[in-house]
Amino acid sequence: MEKLILIDGNSIIYRAFFAMPPLNNSSGLHTNAVYGFTNMLLRLIQDEKPTHIMVAFDAGKVTFRHEGYEDYKGGREKTPPELSEQFPLTRELLESFGICWFELPGYEADDIIGTISKQAEAAGKDVLVVTGDKDMLQVVSDKVKVALTRKGISEVEPYGPKEIQERYGLTPDQIIDLKGLMGDASDNIPGVPGIGEKTALKLLHQFGSVEEVLARTDELKGKMKENLIQHAEDARLSKRLATIHREVPVDRSFDDMVFRGLQEEKAGPVLRKLEFKSLLERLSFGEGAGTAEAGEATARAQDEVEVVIVDETSLQELVNELPGIEVMYVESRGDNPHQSEVMGLIFSSKERHFFVSCEFLLSAAAKPVKDWLADPQIPKRGYDLHRADLALYWQGITFAGAEFDIELAAYLLDPTDNNQTISGLAAKYHLPQLPSDDEVYGKGAKFKAPDPETLSRHLARKALAMLRLIPLQKEELEKNEMNRLFYELEMPLSRILADMEKQGISVNRDALAELGKEFEAQISKLEKRIYEIAGLEFNLNSPKQLGEVLFDKLELPVVKKTKTGYSTDAEVLEKLAPYNEIVQFILEYRQLAKLQSTYVEGLLKEIRQDTGKVHTFYRQTIAATGRLSSQYPNLQNIPIRLEEGRKIRQVFVPSEEGWSILAADYSQIELRVLAHISDDKGLQEAFLHDMDIHTKTAMDVFGVSQDQVDANMRRSAKAVNFGIVYGISDYGLSQNLHITRKEAAQFIEQYFEAFKGVRRYMDEIVQEAKRNGYVTTLLERRRYLPEINASNFNLRSFAERTAMNTPIQGTAADIIKLAMVMMDETLRKHGLKSRMLLQVHDELVFEVPPQELETMSKLVPETMEKALQLSVPLKAEVSSGSNWYEAK
DNA sequence: TTGGTCACG
DNA sequence: ACGTACGTGACCAAT
């Protein structure tokens with residue numbers, strides 16, 4: 001049964017503030033109310049085991065109640081600042097707990113709770129409302145209970161219809177009549193003079209409602225009768241004011257309110273900031289790595305699992321079960337799968353779990369298991385099979401046949417969910433909870449190799465969760481129309497990426513070291529001159545120390561500040577260049593230091609001794625737009641814009657004598673995608689004629705002919721095109737072009753006048769995002785934008801720009817991924833020896849034997865261009881050379 | 001671990 | 001008035 005807890009945030013925090021002794025953390029923040037609130041929240045979670053939680057707050061001062069009665073809540077003491085400052089802290093805490101909160105201008109928390117409780121009741125959920133406000137009793141029903149705080153907030157008293165009857169002799173909906181007669185001093189609701197709780201109850205027992213009392217005053221006598229007649233209107237008003245509005249436009253769904261348990265990674269930092277030591281201890285979020293009992297709050301029932309630890313004697317059992325194995329998982333240690341330790345494997349069918357240690361898998365006896373892993377005809381389902389493939393590969397074990405990857409599915413279903421672990425997904429889908437890896441293994445320096453029993457049990461729990469996740473994900477992929485994207489694009493791509501990564505790319509170590517020497521010589525020269533001019537030696541790599549030298553010692557003007565002090569980034573330094581020649585030297589130093597540390601030293605460290613290659617790892621489940629990302633090393637940000645850095649590309653060479661590096665990149669793919677999805681005729685026309693798009697933009701924006709477009713106009717137009725792709729704002733463009741916001745706004749307006757289809761697209765996509773809560777790419781890749789309707793301007797604006805950008809960037813990502821799948825197929829079909837090595841968002845890099853150079857120079861761009869049929873042609877440009885630098 | 005900076009598309 | 005261009009990862013210093 002689902003159970004929803006609704007908390008009146010304001011009410012509880014008020015009470016906690018006055019009930020708790022003052023409390024500060026070391027930076028002087030008042031925390032007593034947050035502490036009381038948190039304490040109560042944890043107790044509720046522990047005692048009530050809710051599946052859903054939501055906290056409602058009052059927003060702003062004026063509500064609809066003020067419209068009929070200006071003095072509503074008049075005469076209240078102003079909220080003390082020590083309390084006010086605790087509201088934001090509470091919200092931050094709730095967010096870190098993964099608990100939904102909500103407020104709505106014009107309504108009080110009561111009304112929000114009234115509305116949601118009504119909806120929850122209709123949906124068959126059990127509801128517990130927690131508040132200090134007796135008014136709330138009016139929403140009580142068979143399904144809705146109200147817990148009122150007693151004695152401060154240390155205890156709550158639950159009220160159902162029965163308890164209300166016992167206490168007041170009333171039904172829940174008579175509570176508002178009670179308020180109507182007796183009023184409420186704290187809310188400045190008048191009621192009827194001389195009538196308190198006792199009299200009000202007596203009257204209600206006799207007449208039933210305010211209206212009935214007022215209609216039958218002739219049955220009464222004395223002062224009370226007089227007062228009722230004279231203040232009849234007050235009584236009606238008071239009843240209205242006390243009535244909770246249960247039709248508030250709440251834009252939260254029950255899905256938003258699902259409570260998934262506390263995550264130490266999220267809750268820990270906030271609790272630590274507040275210095276709630278006893279709570280941290282109670283949750284086992286202390287210094288030591290969390291243990292299995294980490295958080296009574298996290299633990300819901302865990303499955304007990306039985307697992308066979310496979311050795312030579314029990315091997316036959318597993319072999320018998322192999323045809324029925326439904327999921328598998330390889331546990332490995334370390335972030336870089338090219339140098340990770342395989343801790344063990346689990347193979348599971350519905351009923352049975354088999355744990356295989358790496359050691360056993362490597363033994364000769366395990367051949368049947370290795371054959372099973374290597375057979376591409378046997379479909380494998382599991383979690384992060386890409387990583388498993390690589391980890392096993394470096395152990396000399398072949399893996400093939402990935403059919404369903406839970407991590408990839410989770411990524412497609414919500415690419416921005418940053419807890420796509422098995423444990424996190426189990427929580428998301430309300431499956432029985434399992435501890436996180438960090439809880440079982442310890443993290444970082446605290447990692448402790450688990451004994452086989454602990455490890456196998458943990459893996460079996462993961463496998464069980466995986467078995468349950470797969471059907472749920474399949475259903476959702478189907479519902480989102482993502483089957484093709486998943487089975488025909490992302491799954492095949494994951495195998496291709498693994499192949500590229502295993503292949504690696506050769507690096508000329510000597511040439512790289514030589515470059516390093518050249519950089520080093522220049523760097524030390526620059527250092528000397530800088531220290532000379534500064535008059536002292538300091539750590540040039542420290543922005544803090546550099547700031548002190550520039551702005552305190554040399555007294556250069558401060559252009560920009562960061563959170564922690566002076567800003568010294570390139571933009572600032574360029575502004576300071578005219579004041580002192582030191583600035584130019586610092587800029588040059590920065591450039592070379594970057595090249596040296598990241599690209600010379602960093603890259604040297606990543607070269608494998610045995611192969612002389614670097615093997616990057618493409619992450620397929622990181623970027624919110626659908627792009628890949630690259631790590632260990634990142635080969636998607638090798639310098640190219642400046643000549644000094646570009647030289648780094650010379651060290652990327654073919655792995656075989658006489659071969660070439662061939663690179664092909666899409667020309668203006670994002671703007672072509674925009675031309676297609678916006679259906680802007682002008683833009684399409686330009687690409688149909690393969691015009692220089694920035695020149696064309698300049699012509700239309702400035703209203704000039706082609707030969708009147710000068711370099712400056714083209715540069716501006718180029719910036720506008722970038723802006724359009726990013727989800728333009730006048731501010732952003734003004735920063736980029738160093739012009740005023742007004743001028744930038746004018747450019748944008750002129751652009752939209754010239755490309756009306758683009759304006760229509762930008763408007764429509766934002767509307768679509770507001771309507772659906774997400775945007776999609778051409779291949780139905782989806783990105784949710786929960787902040788698209790936020791009242792906070794910045795959050796909302798960010799979401800709007802994202803809504804404009806994601807379909808463009810994401811569709812471009814779809815396209816190159818398609819091209820990669822087709823290219824892999826093509827190489828195979830033609831029996832070519834050429835190898836695809838790298839992907840850099842709009843570029844593919846290959847190594848090619850001489851006899852295939854001509855073929856590949858045609859085949860690669862052709863394949864890329866036909867990856868997806870758009871209303872405008874795709875264009876890919878190819879070049880080759882003896883290294884990556886030459887392939888330009 | 002966080003923030004500043006800078007490399008790429 | 002608000003204060004940002006979209007998407008990443010690596011390195012360094014300071015906490």
Side-chain angles (χ1 to χ4, degrees), chain A residues 265 268-269 272-273 335 415-416 443-444 538-547 560-573 586-587 589-603 605-606 616-619 622-642 644-646 648-649 665-666 668-670 719-737 741 744 748 783 791-810 812-813 816 838-843:
Chain A
E265 310 90 282
R272 275 187 272 271
K273 173 176 125 185
D335 291 327
T416 53
K443 67 175 165 190
F538 60 100
N539 187 345
L540 249 177
N541 294 321
S542 161
K544 187 160 168 271
Q545 294 181 33
L546 177 62
K560 194 166 73 173
K561 292 208 137 204
T562 67
K563 271 185 214 170
T564 52
Y566 305 118
S567 170
T568 66
D569 65 21
E571 198 189 318
V572 168
L573 295 181
I586 293 167
L587 280 165
Y589 170 86
R590 279 255 174 96
Q591 192 200 326
L592 290 162
K594 176 84 176 180
L595 293 176
Q596 187 74 311
S597 68
T598 303
Y599 297 104
V600 176
E601 289 162 7
L603 207 49
K605 279 185 223 152
E606 294 289 344
T616 190
F617 173 47
Y618 288 105
R619 298 203 61 184
I622 294 295
T625 53
R627 277 187 175 185
L628 300 176
S629 87
S630 157
Q631 289 178 319
Y632 320 125
N634 182 352
L635 293 182
Q636 291 184 320
N637 69 347
I638 303 299
I640 190 166
R641 293 173 189 168
L642 301 173
E644 295 91 321
R646 192 173 192 155
I648 297 285
R649 294 184 172 228
D665 68 309
Y666 280 113
Q668 303 297 350
I669 187 165
E670 290 186 335
V720 173
N721 278 330
F722 269 92
I724 291 293
V725 169
Y726 293 155
I728 201 157
S729 73
D730 49 11
Y731 183 85
L733 184 65
S734 74
Q735 290 293 300
N736 190 287
L737 281 178
R741 233 170 98 163
I748 294 167
R783 178 175 183 177
S791 53
N792 178 311
F793 174 87
N794 280 325
L795 291 179
R796 190 176 64 247
S797 302
F798 186 59
E800 287 171 358
R801 291 195 299 274
T802 310
M804 301 183 224
N805 169 265
T806 295
I808 302 173
Q809 192 182 118
I816 194 161
L838 303 177
Q839 189 251 43
V840 194
H841 308 307
D842 65 353
E843 174 185 13

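In what follows, every chain begins at residue 1, and chains take the letters A, B, ... in the order their sequences are listed. Since we're looking at a predicted model, the values are computed, not measured.
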Integer-rounded Å distance: C:dA5 P and A:Leu737 CG: 15 Å
Distance, rounded to the nearest Å, where A:Tyr726 contributes OH and C:dG7 contributes P: 10 Å
Length of the OH-P vector between A:Tyr566 and B:dG3, whole Å: 21 Å
Touch class at under 4.0 angstrom, heavy-atom based, for A:Gln735 against every strand present: nothing
Contact under 4.0 Å: A:Gln591 side-chain N or O vs B:dA7 OP1/OP2: no
Euclidean distance for C1', C:dC2 against B:dA7 (whole angstrom): 31 Å
Per A:Ala623 side chain, nearest of listed nucleotides C:dG7, B:dT5, B:dC8: C:dG7
Interatomic distance, A:Gln839 CD vs C:dT8 P [rounded to whole Å]: 14 Å
Touch class at under 4.0 angstrom, heavy-atom based, for A:Gly723 against every strand present: base
Residue-phosphate contact under 4.0 Å: A:Thr564 side-chain N/O, B:dG4 OP1/OP2: yes
Integer-rounded Å distance: C:dC6 P and A:Asn637 CG: 19 Å
Sugar-phosphate, base or nothing in reach of A:Arg741, heavy atoms under 4.0 Å: base
Nearest atoms (heavy-atom pairs only) where A:Ala744 meets A:Asp730: CB-O, 3.3 Å
Between C:dG3 and B:dC8 - P atom distance, rounded Å: 31 Å
Inter-residue atom distance A:Leu595.CG - A:Glu644.CD, 0.5 Å rounding: 7.5 Å
C:dA13 phosphate, OP1 or OP2, under 4.0 Å from A:Asn539 side-chain N/O: yes
base_contact_polar (C:dT4 base, A:Ser729 side chain, donor-acceptor, <3.5 Å): yes
Sugar-phosphate, base or nothing in reach of A:Ala719, heavy atoms under 4.0 Å: base
Sugar-phosphate, base or nothing in reach of A:Gln809, heavy atoms under 4.0 Å: base
Pairwise side-chain contact, A:Leu628 with A:Ile622, heavy-atom cut-off 4.5 Å (strictly under): no
Sole candidate of A:Lys544, A:Gln545, A:Arg590 that passes side-chain hydrogen bond (donor to acceptor under 3.5 Å, both in side chains) when paired with A:Thr568: A:Arg590
Spacing between A:Lys560 atom NZ and B:dG4 atom C1', to the nearest angstrom: 10 Å
Options B:dG3, C:dA5, B:dA7, nucleotide nearest the side-chain atoms of A:Lys563: B:dG3
Any A:Arg590 side-chain nitrogen or oxygen under 4.0 Å from OP1 or OP2 of B:dT5: no
Short side-chain N/O contact to B:dG9 OP1/OP2 from A:Arg641, under 4.0 Å: yes
A:Glu606 side chain near A:Tyr632 side chain, heavy-atom distance below 4.5 Å: yes
Side-chain N,O (A:Arg801) to OP1/OP2 (C:dC6) below 4.0 Å: yes
Closest contact, heavy atoms only, A:Glu670 versus A:Ala812: CG-CB, 4.1 Å
A:Arg796 CZ - C:dG3 P separation (whole Å): 13 Å
Side-chain N,O (A:Ser629) to OP1/OP2 (C:dG9) below 4.0 Å: yes
Residue A:Ile622, side-chain heavy atoms: nucleotide from C:dT8, C:dG7, C:dA10 that is nearest: C:dT8
Pairwise C1' distance, C:dA1 and B:dC6 [rounded to whole Å]: 32 Å
Among C:dA10, B:dT5, B:dC6, the nucleotide that comes nearest once only the side chain of A:Ser567 is considered: B:dT5
Sugar-phosphate, base or nothing in reach of A:Ala813, heavy atoms under 4.0 Å: nothing
Distance, nearest 0.5 Å, that separates CG of A:Leu592 from CG of A:Leu587: 11.0 Å
Sugar-phosphate only, base, or nothing, as touched by A:Val840 at under 4.0 Å among non-hydrogen atoms: sugar-phosphate
Nearest listed nucleotide, side chain of A:Asp842, among B:dC6, C:dG7, B:dG9: B:dG9
4.5 Å side-chain heavy-atom contact, A:Val720 and A:Ile748: no
OP1 or OP2 of B:dT5 under 4.0 Å from side-chain N/O of A:Thr568: yes
Nearest-Å distance for atom pair CE/C1', residues A:Met804 and C:dT4: 12 Å
For B:dG3, the Watson-Crick or wobble counterpart (both distances under 3.5 Å): C:dC12
Ring-on-base stacking C:dT4 with A:Tyr731 (under 5.5 Å, under 30°): yes
Separation of the C1' atoms in C:dA5 and B:dT2, to the nearest angstrom: 24 Å
Under 4.0 angstrom between A:Thr625 side-chain N/O and C:dG7 OP1 or OP2: no
Sugar-phosphate, base or nothing in reach of A:Phe617, heavy atoms under 4.0 Å: nothing
Sugar-phosphate only, base, or nothing, as touched by A:Ile640 at under 4.0 Å among non-hydrogen atoms: sugar-phosphate
Sugar-phosphate, base or nothing in reach of A:Asn736, heavy atoms under 4.0 Å: base
Sugar-phosphate, base or nothing in reach of A:Ala812, heavy atoms under 4.0 Å: nothing
N or O in side chain of A:Ser542 less than 4.0 angstrom from C:dA14 OP1/OP2: yes
Sugar-phosphate, base or nothing in reach of A:Thr806, heavy atoms under 4.0 Å: nothing
Out of B:dT5, C:dG7, C:dC2, whichever nucleotide has its closest atom nearest the side chain of A:Phe793: C:dC2
G-U wobble or Watson-Crick pairing nucleotide for B:dG9 (cut-off 3.5 Å, both distances): C:dC6
Sugar-phosphate, base or nothing in reach of A:Leu733, heavy atoms under 4.0 Å: base
Taking every non-hydrogen atom, the tightest pair across A:Ser630 and A:Thr616: OG-OG1, 2.8 Å
